[in-house]
Amino acid sequence: MLPLLLTAVLGTPQDQPEFTVSGADSDTPTGKLTAISLTLGAQVSAGDGPKTVKGVVSLRQAGRPLPPFPDGAHLVTAIGDRIPGAFGGGDAKQLRFRHVTSTDDWAITADMVAAVWLRPPPADTPPDPAKYAWLNGTAPRDALLYRNGDTARGAITGFTEHGVKFTTDAGAPREVPLVDLTAIGFNPRLVRARKPKGPFAHLVLTDGTRLVVSEVAVKGNALVCTAVCGPAFEVKLAQLVALDVMQGAATYLSDLKPAKAETVGFLGPTWDWAADRSVRGQPLRLKLDDDENTFDKGLGTHPKTVLTYDLAGKYTRFESLVGLDTVTGKRGRADVRIRVDGKEVPLPELKALTAGNAVPVKVDVRGAKELRLVIGFGPAGDVQADVNWGAARLVAE
């Protein structure tokens, strides 16, 4: 047991949701979350008593699908935060933004903000701000996206109560009313993606919020957090859908460079694999328990692709949820195989992968030197065969 965690067991509110916790070992208890530390572990109160999980990899609220990214007004940071709410202006050091769950403005470090959407983004907007065509020009600059689709490039010099102080590349200063804008983008060259050196957590909330936090703790029926982008805040445990610990026991394949990547087209062009996106640049969507889930971490692949990773005997297991994309793979089929040190892992559900619920995969890789993912053609070739690997990760004890 972890003595530090036991202090929170007594007096657990009865209306808390249940969470399934996975860690460095193979146990995945489900119960009410009573304590958590990014370095020590987590504890849940299960039906047969308290259960402690060391080396936390993830928490998932039982029965809750991972929601899509926010589709209304929201702020996007360089480290993947997506914060729905209302923009309140700011200055050169901090922006003010009020999260939908808060009654107070959050002070968010300005040089971590990639973009602020004042209105819902267009339907074809890529999830990655590095792919925003209106923001990423040949010469990196701040950019304003107007409601009519026009773009102005230049330098943001400040904010007023109702507008943006902006100097165009031609040198003309102006104040642009916020009501005329769809989005504000910040010079990609000046945006800093600062992540903690040690373990940190990535949160997903019921409203689609994504937040990277450096500290977490349970306080009654709430999770107390410190966001890397600035604010300290509390969120009700009922609003927490998922918590994934980064730079801890788990290493995500999307953060690794394959030792070898091979692609072969089926009577046409090849499709490159993608990190944390589908091969078409969209969010990783998979069906679980007949609900659509949107994953932040994982791989997007398409037949035929072979990805080989060097393991160097450092890991104990590989795990992922594998399935066809819920939008671009509705009628597809694929032949998916996993090989460890050249030996195929018997997973018959993957050999004839069709639309439907994703297949959970957990493969023992103790002492293994190589992991190979093979995404092959189905009976209809590669038609609608976009295969997503949700939360594809290697875990070490």
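Side-chain atoms of Ser278 do not come within 3.5 Å of backbone N or O of Leu284 as any donor-acceptor pair. The closest donor-acceptor contact from the side chain of Asp81 to the backbone of Val212 lies under 3.5 Å. Using modelled atom types, no side-chain atom of Thr168 and backbone atom of Gly154 make a donor-acceptor pair closer than 3.5 Å. Of the possible donor and acceptor atoms, none in the side chain of Asn221 sits under 3.5 Å from a partner among the backbone N and O of Gln16. Between the side chain of Gln247 and the main chain of Phe200, no donor-acceptor pair closer than 3.5 Å is present. Asn293 places a side-chain N or O within 3.5 Å of a backbone atom of Asp291 that can act as its donor or acceptor partner. Not one N or O on the side chain of Asp341 forms a donor-acceptor pair closer than 3.5 Å with the backbone of Ala368. Asp105 contributes no side-chain N or O that, together with a main-chain N or O of Arg96, makes up a donor-acceptor pair within less than 3.5 Å. Between the side chain of Thr34 and the backbone N or O of Gln43 there is at least one donor-acceptor pair closer than 3.5 Å. Side-chain atoms of Thr109 do not come within 3.5 Å of backbone N or O of Asp111 as any donor-acceptor pair.
Judged as a salt bridge (charged side-chain N to carboxylate O under 4.0 Å, His left out), and not counting sequence neighbours, Glu18 has no contacts. Every residue two or more places apart in sequence or in another chain that forms a salt bridge (charged side-chain N to carboxylate O under 4.0 Å, His left out) with Asp276 is listed here: Lys297. Looking at residues two or more places apart in sequence or on another chain, you find a side chain to side chain contact (heavy atoms under 4.5 Å, CB included) between Arg331 and Gln384.
Residue Asp289 places its CG atom among 12 or fewer non-hydrogen atoms of other residues, nucleotides or ligands, all under 6.0 Å distant. Dense packing is recorded around CZ of Arg194, with more than 12 heavy atoms of other residues, nucleotides or ligands lying under 6.0 Å away. The environment of NZ in Lys131 is sparse: at most 12 heavy-atom neighbours from other residues, nucleotides or ligands sit within 6.0 Å.
When ring centroids are compared, Phe87 and Phe159 come within the 6.0 Å threshold.
Under the 3.5 Å distance criterion, with hydrogens and angles disregarded, a donor-acceptor pair is assigned to the side chains of Thr20 and Thr30. A side-chain N or O of Asp386 and one of Thr328 form a donor-acceptor pair less than 3.5 Å apart.
Using a 4.0 Å cut-off between a side-chain N of Lys or Arg and a carboxylate O of Asp or Glu, Asp244 and Arg393 qualify as a salt bridge. The pair Glu344-Arg339 counts as a salt bridge, with a side-chain nitrogen and a carboxylate oxygen less than 4.0 angstrom apart. Using a 4.0 Å cut-off between a side-chain N of Lys or Arg and a carboxylate O of Asp or Glu, Lys260 and Glu370 do not qualify as a salt bridge. Salt-bridge check for Lys351 with Asp335: failed, with every basic side-chain N at 4.0 Å or more from each acidic carboxylate O.
Ring-plane geometry between Trp134 and Trp117 is classed as perpendicular, the angle between the planes exceeding 60 degrees on a 0 to 90 degree scale with a lower cut at 30.
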Worked check of side chain to side chain donor-acceptor pair (under 3.5 Å) between Trp389 and Thr301: CA-CA 8 Å; Trp389 301 69; Thr301 61; 3.1 Å; yes
Would you please test Glu262 and Arg372 for salt bridge (charged side-chain N to carboxylate O under 4.0 Å, His left out) and show each step? CA-CA 11 Å; Glu262 307 166 75; Arg372 181 169 294 172; 5.6 Å; no
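Within the model, atoms CD1 of Ile79 and CE of Met246 stand 11.0 Å from one another, a figure rounded to the nearest 0.5 Å. How far CD of Glu215 is from OG1 of Thr226: 4.5 Å, rounded to the nearest 0.5 Å. To the nearest 0.5 Å, atom CG of residue Asn357 and atom CG of residue Leu324 are 12.0 Å apart.
Leu190 is not connected to Leu135 by any chain of hydrophobic side-chain contacts under 4.5 Å among Ile, Leu, Val, Met, Phe, Trp and Tyr, and they are in different clusters. Connection of Leu66 to Leu205 is not established within any shared hydrophobic cluster, with ILVMFWY side chains joined at heavy-atom distances below 4.5 Å, either directly or through further cluster members. Follow the hydrophobic side-chain contacts under 4.5 Å out from Val164 and you reach Leu118 in the same cluster.
You'll find the side chain of Phe19 stays beyond 4.5 Å of the side chain of Leu243, heavy atoms only.
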